[in-house]
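Proteins get letters first, then strands, A, B, ... in listed order; numbering begins at 1 in each.
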Protein chains: 2
Amino acid sequence: MNSVNLLKLIAEAREDLRKSEQKVADFVLANPNDVIHMRIVDLAAEAEVSEPTVVRFCRALGHEGFQDFKLMLAQGLASNTNFEQFSLDSKDTVSEFKEKIFDSMIGNLLNIKEQLNPETLEEAIDALANARRVEFYGFGASAPVCTDAAHKFHRLKVSCTSYSDPHMQAISAVSLDDRDVIVAISQTGRTKDLLHTVKLVKETGTTVIALCPSGTPLAELASIPIHIDLEEDKDLSTLMSSRVLHLVVIDVLAVGVAMKLGPGLVDHLKTIKRSLRSLRQNDKRPPVS
Amino acid sequence: MNSVNLLKLIAEAREDLRKSEQKVADFVLANPNDVIHMRIVDLAAEAEVSEPTVVRFCRALGHEGFQDFKLMLAQGLASNTNFEQFSLDSKDTVSEFKEKIFDSMIGNLLNIKEQLNPETLEEAIDALANARRVEFYGFGASAPVCTDAAHKFHRLKVSCTSYSDPHMQAISAVSLDDRDVIVAISQTGRTKDLLHTVKLVKETGTTVIALCPSGTPLAELASIPIHIDLEEDKDLSTLMSSRVLHLVVIDVLAVGVAMKLGPGLVDHLKTIKRSLRSLRQNDKRPPVS
DNA sequence: TTAACTTTGAAATTTAACTACAAAGCCGCA
DNA sequence: TGCGGCTTTGTAGTTAAATTTCAAAGTTAA
């Protein structure tokens, strides 16, 4: 759509510019946030060039003029709130690494959102909606994800369980057939025990939906692989993000299934929420606003 | 920092504006993307008011002038890739509700990121880092969150468990004392059984960290309440988002504890990751790129 | 070293934003 | 209902900023 990162674009174009225009580029790259509020004379002065040069610089970058350029720059800077991968520094304050963790999480969500293929999701949703029984398999950090998924699908009145014990998985797996679906969840796509179970299941003709990185053994085995590829392993980011991403993908599947099974079910999710009220205690006093 | 959502701000301020300024507001709200490239005369004409009125409109919103306003608007629109709360429509395509779910998740993350108080986090991290033993309590959708949390803190060599069985909680709770910490996790902050356990625990002098909405009984009881307040309950958003938010907050706490216990531990998280390799199977063939 | 071309900036021009002020509308009080 | 004070809105003029023109300075190659 538009330039996600104008600054990067300027840096790349820098080489092709004239000498004095490069001065402008350098200043803009160094002080992008200030430039937004500058007038053309100020920028010209700061970059030690003349005003027309600034205009030529803007035109060279494909903009209408100085105003247009500033507008684009403003947009670029705003969107670019740097949801980049983070690297923790042992000197970081709480506030700093809080920011980093959240931003990296958001960055990953944005990436995966783009990456997810609607057709594949549709396929998975169809399979889940028509399944006689659904089972979720995963180990380690993925075990809680499976529990959560089962919890969610229960609410949709889907018959399901989750197992994070290889023996239980194996025992259960052989009892399934082509009317059933299993969802195998793995951050690595290479967990031996999980692969073992999936191979067992495949023999029975059961549909296998996998949430894992692409190009891994699990992805190859799955009937419907949903690829979750994170940016390369910077620090702990992967470790923390992938389970959350898996959860969100499960949410998407659950909503899809709910909608397929009939619009009433979407409401059912809400109803259950209400029925849980009885397990709650209410305040005795009015809320402190 | 800056206006996360200028349009919402305009909509709110609309009431306090003069009649002709409201016309401007209406046009801006209806065609925000066009306004960016408009001159003051164009906007004045479109809104059927005079130019000074447009300027007054900008000033009323607290901006320097028209240019300044346009700049802010541009920024707002760029960042505002609408991480708004969503409302599902039964006619939505997979692709559409995928977008909605992810965006709402991201919106909630952004909100909570701002909302989290670093001092409270610091306090919680201190308590966790110095605890003899840590236990995580939660029910329903929060149970998997507890499991995940325990999993994560185990990696930090912290002695911990998670219970989602009220009896187990109660039994375990009475064995704790002021050297210990429990983390109570609840989306509602009103779950009866959880409140019961927490009251038991409090008598022993154990520190109680709570992840729940503010103003709830649980938040009142906790020694260190970490407030997770989502926007009001639009559709399913809350249901889906809060557990993810809880997970991310736990991540922040875990990283904080890791850093407190010594920088070596941050590496330890990575080491464990490597040690898990033995449980994995590698590809036999080169990856299909 | 000079002719052709490219790059750059000073000054003039144009354009758009802003200000001052006056007209129109609104409200309360006689 | 009419009149004085107050608020709101627009007209016309002013100022400021962006853009264009054009000439000077710099660069390259024969």
Would you give me the side-chain donor-acceptor pairs under 3.5 Å for residues 49-57 of chain A, sequence neighbours excluded?
unit_1: S50(A); atom_1: OG; unit_2: T53(A); atom_2: OG1; d: 3.1

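- A salt bridge is defined here as a Lys NZ or Arg NE, NH1 or NH2 lying under 4.0 Å from an Asp or Glu carboxylate O, and E48(B) with K23(B) fails to meet this definition.
- Distance check, rounded to the nearest 0.5 Å: CG of L71(A) to NE2 of H37(B) gives 6.0 Å.
- Applying the salt bridge (charged side-chain N to carboxylate O under 4.0 Å, His left out) rule to pairs touching residues 24-37 of chain A yields R14(A)-D26(A), sequence neighbours excluded.
- In E64(B), the CD atom is not crowded: 12 or fewer heavy atoms of neighbouring residues, nucleotides or ligands sit closer than 6.0 Å.
- Taking a cutoff of 4.0 Å between a charged side-chain nitrogen and a carboxylate oxygen, E21(A) and R59(A) do not qualify as a salt bridge.
- Across its full length, the helix from dT1(C)-dA30(D) to dA30(C)-dT1(D) shows an angle of 10° between the axes of its 5 terminal pairs at either end, rounded to 10 degrees.
- In this structure D251(B) satisfies the side-chain hydrogen bond (donor to acceptor under 3.5 Å, both in side chains) test together with R243(A), K152(B), sequence neighbours excluded.
- Rounded to whole Å, atom P of dT8(D) lies 11 Å from atom CD of Q22(B).
- As a whole-Å value, the separation of L17(B) CG from dT9(D) C1' is 14 Å.
- With sequence neighbours left out, the side chain to side chain contact (heavy atoms under 4.5 Å, CB included) criterion links A124(A) to I209(A), I224(A), I226(A), L253(A).
- The separation between D42(B) atom CG and dA17(C) atom C1' is 13 Å, rounded to whole Å.
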Letter per nucleotide, 5' to 3', of nucleotides 10-25 of chain D [B base touched, S only sugar-phosphate touched, - untouched; heavy atoms, 4.0 Å]: BB-----SSBB-----
